[in-house]
Amino acid sequence: MKKALITGISGQDGSYLTELLLSEGYQVHGMIRRSSTFNTGRIDHIYRDPHNGEKAKMRLHYGDLASSDSLQNVISAVEPDEIYNLAAQSHVRVSFDMPEYTGDVTGLGTLRLLEAIRRTGGNVRFYQASTSELFGSASPPQSETTPFEPQSPYAVAKAYAHWITNNYRDGYGIFASSGILFNHESPRRGETFVTRKITRAVAAILAGRQKHLYMGNLDSKRDWGYAPEYVEVMWRLLQHDEPADLVIGTGEAHTVREFLEEAFGYVGLDYQEYVRIDPQYFRPTEVDYLLAEASKARDLLGWEPKIRFKDLVRIMMDADLELQGLESPGEGKCLLAERFDGWHRWEDQVVSMDK
Ligand code: NAP
Ligand code: F7E
């Protein structure tokens with residue numbers, strides 16, 4: 001049985017990747033931070049098989065990308081076959097408020113992990129969560145050959161992480177691959193990223209619990225995809241014969257304004273009546289236009305995204321409406337989304353972990 005270690009298991013991508021790896025028969029180990037309140041809301045449903053109550057093949061370990069010894073300890077204890085480095089201070093706006101911390105965790109944290117792998121000397125495959133933010137102000141569309149022009153402390157930290165991953169691959173022969181992922185969203189998306197902020201607000205407005213939605217720059221364009229499809233690429237990238245760096249996106253970009261129109265329009269509302277602009281949500285430097293040219297992923301892994309913009313908005317809207325106790329105005333559950341519910345099939349093949 002293969003063992004995977006996921007840093008950032010409690011995040012959006014970590015939770016979907018855990019479900020996928022369990023469905024593929026892996027034993028999954030995740031690193032979580034100690035916090036004063038529970039921070040495992042996205043993975044709590046995975047602890048036990050709902051059918052027989054048995055423990056899932058998932059185990060959590062305390063650790064932090066800021067602490068080398070914790071990384072060394074977790075890797076020595078788990079002896080993973082694959083490591084997915086998804087942990088990061090991942091919010092671009094927050095990185096301007098906490099540039100040093102972001103550099104330490106998102107940038108140097110990756111170095112600490114690679115050093116722990118090098119010292120442990122195991123034959124492990126390593127995935128680094130790189131990002132379209134690396135391209136920053138580079139003209140769209142962006143591919144693996146587009147030069148990096150990072151525009152935030154977050155993006156600069158990720159640039160360091162990306163290059164140090166390449167350096168450890170070249171210098172020490174570590175099987176290390178980076179997925180350069182464009183924005184990907186889901187009902188599990190953090191509440192302060194723009195898509196989720198919008199879908200939550202629309203549902204709350206409809207439920208009469210919120211009056212206005214305060215936003216920043218509505219003109220930036222993003223290539224938004226569906227997170228469950230993107231974690232599948234992470235896994236497939238590590239199953240490939242050779243390590244590689246790969247751009248992942250849909251090849252379709254929309255403005256934040258278009259997302260607002262689509263989300264409010266879905267429930268029959270006009271966004272202009274509810275949205276207010278608040279300067280606090282603008283960034284000192286903005287990334288105007290991200291659009292993926294992901295043909296290498298198609299050629300190398302046969303990967304094609306299936307969920308497109310309107311379906312994505314619908315999936316997220318339906319989930320947030322349900323959280324508010326409201327009915328979806330659509331025609332039932334999006335058929336494409338049902339495909340990913342299949343991942344819960346791991347629940348049918350759960351085996352108790354013996355440690
Ligand atoms: P997310 O929801 O913000 O999750 C981040 C994870 O990192 C959480 O589990 C968080 O733990 C953990 N973390 C934060 N600081 C840490 C630290 N010092 N030590 C250990 N763990 C720490 O992010 P995501 O959307 O799932 O994204 C996953 C990765 O892909 C991130 O590296 C992100 O930068 C990158 N990425 C994301 C996108 C996207 O559109 N989602 C696109 C490209 C790249 P807590 O739960 O305790 O906070
Ligand atoms: O902003 C604009 C904002 O915070 C998208 C992270 O996962 O994807 C994400 O970074 C756009 C920006 O994501 C608000 O100015 C307007 O232009 O949802 P976001 P991001 O900055 O693109 C990349 C690929 C990552 O790697 C990151 O980890 O929306 N915007 N008004 C706003 N954004 C936010 N958050 N809140 C607003 O009120």
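Atoms within a ligand are numbered from 1 in the order they appear, just like the ligands themselves.
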Counting heavy atoms only, name the option from Arg93, His91, Glu133, Arg283 that's nearest to atom 21 (O) of ligand 2.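 Nearest option to atom 21 (O) of ligand 2, by heavy atoms: Arg283.
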Ignoring hydrogens, what is the shortest heavy-atom contact between Pro150 and Ala155? Give both atom names and the distance.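 Answer, listing the atom of Pro150 first, then Ala155: CB-CB, 3.5 Å.
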Nearest heavy-atom neighbours spanning Ile46 and Ser15: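 Looks like CD1-O, 4.1 Å.
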[X] neighbourhood, listing ligand 2 atoms whose heavy-atom distance to it stays under 4.0 Å:
{"X": "Gly216", "value": "14 (C), 16 (C), 31 (N), 38 (O)"}
{"X": "Ser132", "value": "24 (C)"}
{"X": "Tyr281", "value": "38 (O)"}
{"X": "Lys197", "value": "37 (C), 38 (O)"}
{"X": "Val92", "value": "10 (O), 21 (O)"}
{"X": "Glu286", "value": "3 (C), 12 (C), 15 (O), 17 (O)"}
{"X": "Ser220", "value": "2 (C), 11 (C), 12 (C), 17 (O)"}

Strictly under 4.0 Å, does any heavy atom of Arg189 approach an atom of ligand 2?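 Right, Arg189 reaches ligand 2.
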Below 4.0 Å from any atom of ligand 2, is there a heavy atom belonging to Phe282?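 The answer is no: ligand 2 sits nowhere under 4.0 Å from a heavy atom of Phe282.
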Please state which protein non-hydrogen atom is closest to [atom] and give its distance, to 0.1 Å?
{"atom": "atom 8 (O) of ligand 2", "result": "Asn183 ND2, 3.1 Å"}
{"atom": "atom 29 (O) of ligand 2", "result": "Val256 CG2, 3.4 Å"}
{"atom": "atom 16 (C) of ligand 2", "result": "Asn217 O, 3.1 Å"}

Which segment of Leu290 sits under 4.0 Å of ligand 2 when only heavy atoms are counted: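 No part of Leu290 is near ligand 2 at this cut-off.
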Could you pull out every donor-acceptor pair under 3.5 Å between side chains of residues 236-243 and any protein atom, sequence neighbours left out?
residue	atom	partner	partner atom	Å
Arg236	NH2	Leu301	O	2.5
Gln239	OE1	Lys2	NZ	2.9
Gln239	NE2	Tyr26	OH	3.3
Gln239	NE2	Glu82	OE2	3.1
Gln239	NE2	Trp235	O	3.0

Kindly state each residue pair satisfying ring-ring contact (aromatic ring centres under 6.0 Å, His included) with at least one member in residues 278-310, sequence neighbours excluded.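 Those involving residues 278-310 are Tyr230-Trp303, His254-Phe309, Phe259-Phe309.
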Please identify each residue that fulfils salt bridge (Lys or Arg N to Asp or Glu O under 4.0 Å) with Arg125, with sequence neighbours left out.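 Salt bridge (Lys or Arg N to Asp or Glu O under 4.0 Å) check on Arg125 returns nothing, list empty.
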Cationic N near anionic O, under 4.0 Å, Arg188 to Glu19: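 So Arg188 pairs with Glu19 through a salt bridge.
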Ring center gap for Phe126 and Phe175 short of 6.0 angstrom: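 For Phe126 and Phe175, the ring centres are not under 6.0 Å apart.
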Under a 4.0 Å heavy-atom cut-off, what residues line ligand 1?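 Residues Gly8, Ser10, Gly11, Gln12, Asp13, Met31, Arg33, Asn39, Asp64, Leu65, Leu86, Ala87, Ala88, Ser90, Tyr101, Val105, Ala129, Ser130, Thr131, Tyr154, Lys158, Leu181, Phe182, Asn183, His184, Arg189 each place a heavy atom under 4.0 Å from ligand 1, listed by chain and number.
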Distance under 6.0 Å and angle within 45° of the ring axis: does Arg189 meet both against Phe193?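 Flagged: Arg189 positioned over aromatic ring of Phe193.
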Answer yes or no on whether Arg118 is positioned over the face of Tyr172, meaning its NZ or CZ is under 6.0 Å from the six-membered ring centre and within 45° of the axis.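 Satisfied, under 6.0 Å and within 45°.
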